Chemist: 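A single structure is presented below for examination.
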Amino acid sequence: MSGLEPFGARLRRAMDERGPLCVGIDPHASLLAEWGLNDDVAGLERFSRTVVEAVADRVAVLKPQSAFFERFGSRGVAVLEKSVAEARAAGALVVMDAKRGDIGSTMTAYAESFLHKDAPLFSDALTVSPYLGYGSLGPAVALARENGAGLFVLALTSNPEGGEVQHAVRSDGRSVGATMLAHLAAENTGEEPLGSFGAVVGATLGDLSTYDLDINGPLLAPGIGAQGATPADLPGVFGAAVRNVVPNVSRGVLRHGPDAVALRDAAERFAEEIRRAVTPA
């Protein structure tokens, strides 16, 4: 065991203390240009450092999108390693948005890259894809448990293409997305105050009352801001499970850079709006 408290418990505390906001770190080329930065490793490093220094000491979660770092090769991955370490040192939990999914020893290797306590890219949680079958995630589940980390499993995503897989109905009459939620509920059985195995559920999907979102785990909710959802939409989408929602905002915060004070103010505004929306009157 790593000695780390389980991810779910650490996340619950961070959400209660800092507000339930996840800020994405998505240094894509157009955003680098908006910040007046070159689309190179130096621009990547400046962007990431600015975001971490501005908000990592005040938001619950930071979520770097690994692809935007990987496209620069080993030097980009080195920037990602440093960003993860500095964000965690400042008190934020880091969800690595890598959406890994495979089988057997390959899935084990992916898990070891992000979920082993001694890995350079060790993160508090990892996004994963279950569409080689939920059981294929077994190595990641086991390593996350061993190291006090967590997973966010793609279940009901905000992209329109996702429906052809996630809404498909199995022979038992249950949709694929609902099946993933049921697997996660089983993983989290008996965990307090919150399980460590969460789902990715889009905030733009409207009424989800036909799905059982009460998985006793966190619900990572992309779609706030640039994709059209607002904090006020969250109770209508997530219902009674809204207290466990971790809304992700990327461009809505990042477009205020490169000024650190403006980034910080934007993050604090979103955190307060979300806190008001999800707190019972």
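Treat the numbers as computed from the prediction; the structure is a model and nothing was measured. The figures that follow rest on heavy atoms only: side chains count, while hydrogens, waters and symmetry mates do not.
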Chemist: Where the side chain of Asn188 meets the backbone of Ser196, is there a donor-acceptor pair that is under 3.5 Å apart?
Modeler: yes
Chemist: Donor-acceptor check, side chain of Trp35 to backbone of Asp259, threshold 3.5 angstrom: yes or no?
Modeler: no
Chemist: For Leu115, is there any backbone N or O sitting under 3.5 Å from a side-chain donor or acceptor partner on Asn147?
Modeler: yes
Chemist: In terms of side-chain geometry, is the basic nitrogen of Glu5 or Arg13 positioned less than 4.0 Å from the acidic oxygen of its partner?
Modeler: yes
Chemist: Less than 4.0 angstrom from a charged side-chain N to a carboxylate O is my criterion; do Arg100 and Asp102 meet it?
Modeler: no
Chemist: Given 3.5 Å as the limit, does a donor-acceptor pair link the side chain of Ser158 with the main chain of Gly202, or not?
Modeler: no
Chemist: Indicate yes or no for a side-chain donor-acceptor contact from Ser123 to the backbone of Leu126 under 3.5 Å, with no hydrogens or angles considered.
Modeler: no
Chemist: Between the main-chain N or O of Ala186 and the side-chain N or O of Thr189, is there a donor-acceptor pair closer than 3.5 Å?
Modeler: yes
Chemist: Under a 3.5 Å distance rule, please check whether Arg18 uses its side chain to pair with a backbone N or O of Val59 as donor and acceptor.
Modeler: yes
Chemist: For a 4.5 angstrom cut-off between non-hydrogen side-chain atoms, does Leu208 reach Val201?
Modeler: yes
Chemist: Would you say Leu37 and Leu31 make side-chain contact, with heavy atoms under 4.5 Å?
Modeler: no
Chemist: How about Leu184 and Val153: do any of their side-chain heavy atoms sit closer than 4.5 Å?
Modeler: yes
Chemist: Any side-chain heavy-atom pair from Arg12 and Arg243 closer than 4.5 angstrom?
Modeler: yes
Chemist: Between Arg10 and Gly148 (side chain of the first, backbone of the second, donor and acceptor by atom type, cut-off under 3.5 Å), is there such a pair?
Modeler: yes
Chemist: Can you tell if the side chain of Lys82 reaches within under 4.5 Å of the side chain of Glu45, non-hydrogen atoms only?
Modeler: yes
Chemist: Is it true that Arg58 and Glu268 make a salt bridge, defined as a side-chain N closer than 4.0 Å to a carboxylate O?
Modeler: yes
Chemist: If you count every heavy atom of other residues, nucleotides or ligands that lies below 6.0 Å from Leu132 atom CG, does the total exceed 12?
Modeler: yes
Chemist: Under 4.0 Å between a side-chain nitrogen and a carboxylate oxygen: does that hold for Glu187 and Arg145?
Modeler: yes
Chemist: Could you tell me whether Glu34 and Arg251 have a side-chain N and a carboxylate O separated by less than 4.0 Å?
Modeler: yes
Chemist: Output yes when a side-chain donor or acceptor of Asn216 lies under 3.5 Å from a complementary backbone atom of Leu194, and no otherwise.
Modeler: no
Chemist: Is Thr157 reaching over with its side chain to a backbone N or O of Leu154, donor-acceptor style, under 3.5 angstrom?
Modeler: no
Chemist: Could you tell me how the ring of His183 sits relative to the ring of Tyr134: parallel (under 30°), tilted (30 to 60°) or perpendicular (over 60°)?
Modeler: parallel
Chemist: Check Arg269 with Glu273, please: is the shortest side-chain N to carboxylate O separation under 4.0 Å?
Modeler: no
